[in-house]
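Single-structure report; data block below.
Starting from 1, each residue takes its place in the sequence as its number.
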Amino acid sequence: MLIPHDTRIALETVVDLVNTAPEEGAGDGLAELTALYAFAERHHISGVATLGEKDLRAVHDVRSRFAEIFAAPDARTAADLVNSLVAAAGTTPQLTDHDGYDWHVHYFAPGASIADHLGADCGMALAFIVVAGEQERLRRCEAPDCRDAFVDLSRNRSRRYCSSRTCGNRLHVAAYRARRRDAAR
């Protein structure tokens, strides 16, 4: 599946955003404004000036809506959720070349809030996944102690863990040790 650079960046951003949500035993990765500023800087979100509590609440709402898309049972449900999210963001597609990137499309209006920026750009990236018939690539980690979101961009759609280095490796090592224990008995 060929994914343009700007769409890949938006997919990485939406995955990181969804994974900031509080889970059992873990706190909210965007609990305060300093974390939101850090998120915006880490993902090079352009046009972010002054953020306030209203922005933080709006990003939490967008994050919840993205999580619903990852949990959608089928493409129709995912499409309805994406349509609602993108419409709420008030998209204004425009070509741009900034910060050393070649021409790409921004879907948010100039001066849009960070929540609308994320809703429009990341929502459109998810829309491209659904349009391509690849909604099943929007997944949650299968490790029992991890439910992080990820986009499976493997050729054969076989990725099961958010990270093969952490979750995948940890489970493979545990399975190996269990087999060794069983063989020693």
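Phe70 and Val131 fall into different hydrophobic clusters, where Ile, Leu, Val, Met, Phe, Trp and Tyr side chains are chained together by heavy-atom contacts under 4.5 Å. Tracing side-chain contacts under 4.5 Å through hydrophobic residues (I, L, V, M, F, W, Y), one reaches Val18 starting from Leu81; they form part of the same cluster. In the hydrophobic cluster analysis, where Ile, Leu, Val, Met, Phe, Trp and Tyr join through side-chain heavy atoms closer than 4.5 angstrom, Val130 is grouped apart from Leu126.
Although no hydrogens or angles enter the test, the distance criterion places no donor-acceptor pair under 3.5 Å between the side chain of Asn19 and the main chain of Asp148.
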For this session: Report the C-alpha separation of Asp116 and Phe108 in whole Å, then their side-chain angles, then the decisive distance to 0.1 Å, and conclude whether the side chain to side chain contact (heavy atoms under 4.5 Å, CB included) test is met.
Result: CA-CA 7 Å; Asp116 286 345; Phe108 56 92; 5.6 Å; no
Exercise. Stepwise, does the side chain to side chain contact (heavy atoms under 4.5 Å, CB included) test hold for Glu142 with Cys167?
Worked result: CA-CA 9 Å; Glu142 291 182 18; Cys167 291; over 6 Å; no
For this session: Could you check Asp121 against Val14 for side chain to side chain contact (heavy atoms under 4.5 Å, CB included), going step by step and ending with a plain yes or no?
Result: CA-CA 9 Å; Asp121 263 8; Val14 73; over 6 Å; no
Exercise. For Arg63 and Asp28, what are the C-alpha separation, side-chain angles and deciding distance, and is it a salt bridge (charged side-chain N to carboxylate O under 4.0 Å, His left out)?
Worked result: CA-CA 11 Å; Arg63 177 180 67 187; Asp28 189 336; 2.8 Å; yes
For this session: Please report the C-alpha distance between Phe150 and Arg159 in whole Å, then the side-chain angles of each, then the deciding distance to 0.1 Å, and finally whether the side chain to side chain contact (heavy atoms under 4.5 Å, CB included) criterion is met.
Result: CA-CA 9 Å; Phe150 68 94; Arg159 191 168 154 200; 3.6 Å; yes
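Partners of Asn156 by side-chain contact (heavy atoms from CB on, under 4.5 Å), not counting sequence neighbours, listed by chain and number: Ser154, Ser158. Under the side-chain contact (heavy atoms from CB on, under 4.5 Å) criterion, Leu51 pairs with Leu33, Leu36, Tyr37, Val48, Asp55, Ile114, not counting sequence neighbours.
Interatomic distance, Leu11 CG to Cys122 SG, rounded to the nearest 0.5 Å: 8.0 Å. In this structure, CD1 on Ile129 lies 12.0 Å from CE on Met124, to the nearest 0.5 angstrom. The structure places CG of Asp61 at 12.0 Å from CG of Leu118, a figure rounded to the nearest 0.5 Å. Expressed to the nearest 0.5 Å, how far CG of Leu17 lies from OG of Ser64 amounts to 9.0 Å. Taking CG of Leu95 as the start and CH2 of Trp103 as the end, the distance is 6.5 Å to the nearest 0.5 Å.
Proximity of Ile3 to Phe128: side-chain heavy atoms (C-beta onward) are nowhere separated by under 4.5 Å. Arg65 has its side chain within reach of Ser84: a pair of non-hydrogen atoms, C-beta onward, lies under 4.5 Å apart. Contact of the Leu85 side chain with the Ile69 side chain is registered, since non-hydrogen atoms from C-beta on lie closer than 4.5 Å. The closest side-chain heavy-atom distance from His60 to Leu30 is below 4.5 Å. Residues Val151 and Glu134 form no side-chain contact, since every pair of their non-hydrogen atoms from C-beta on lies 4.5 Å or further apart.
In Arg157, the CZ atom is crowded: over 12 heavy atoms of neighbouring residues, nucleotides or ligands sit closer than 6.0 Å. Summarising the local packing, CZ of Arg42 is surrounded by more than 12 heavy atoms from other residues, nucleotides or ligands at distances under 6.0 Å.
Side-chain atoms of Thr77 and Asp74 include a donor-acceptor pair closer than 3.5 Å.
Scanning both residues, Arg8 and Leu153, for their nearest heavy atoms gives NH1-CD1, 3.1 Å. Of all heavy-atom pairs spanning Ala78 and Gln135, the tightest one is CB-CG, 3.8 Å. The shortest non-hydrogen separation linking Ala89 to Ala120 is CB-N, 3.7 Å. Taking each heavy atom of Arg139 and Glu136 in turn, the nearest pair found is NE-O, 3.0 Å. In terms of heavy atoms, Gly29 sits closest to Ala35 at O-CB, 3.4 Å. Annotation for Ala127 and Val82: closest pair CB-CG1, 3.7 Å, computed over non-hydrogen atoms.
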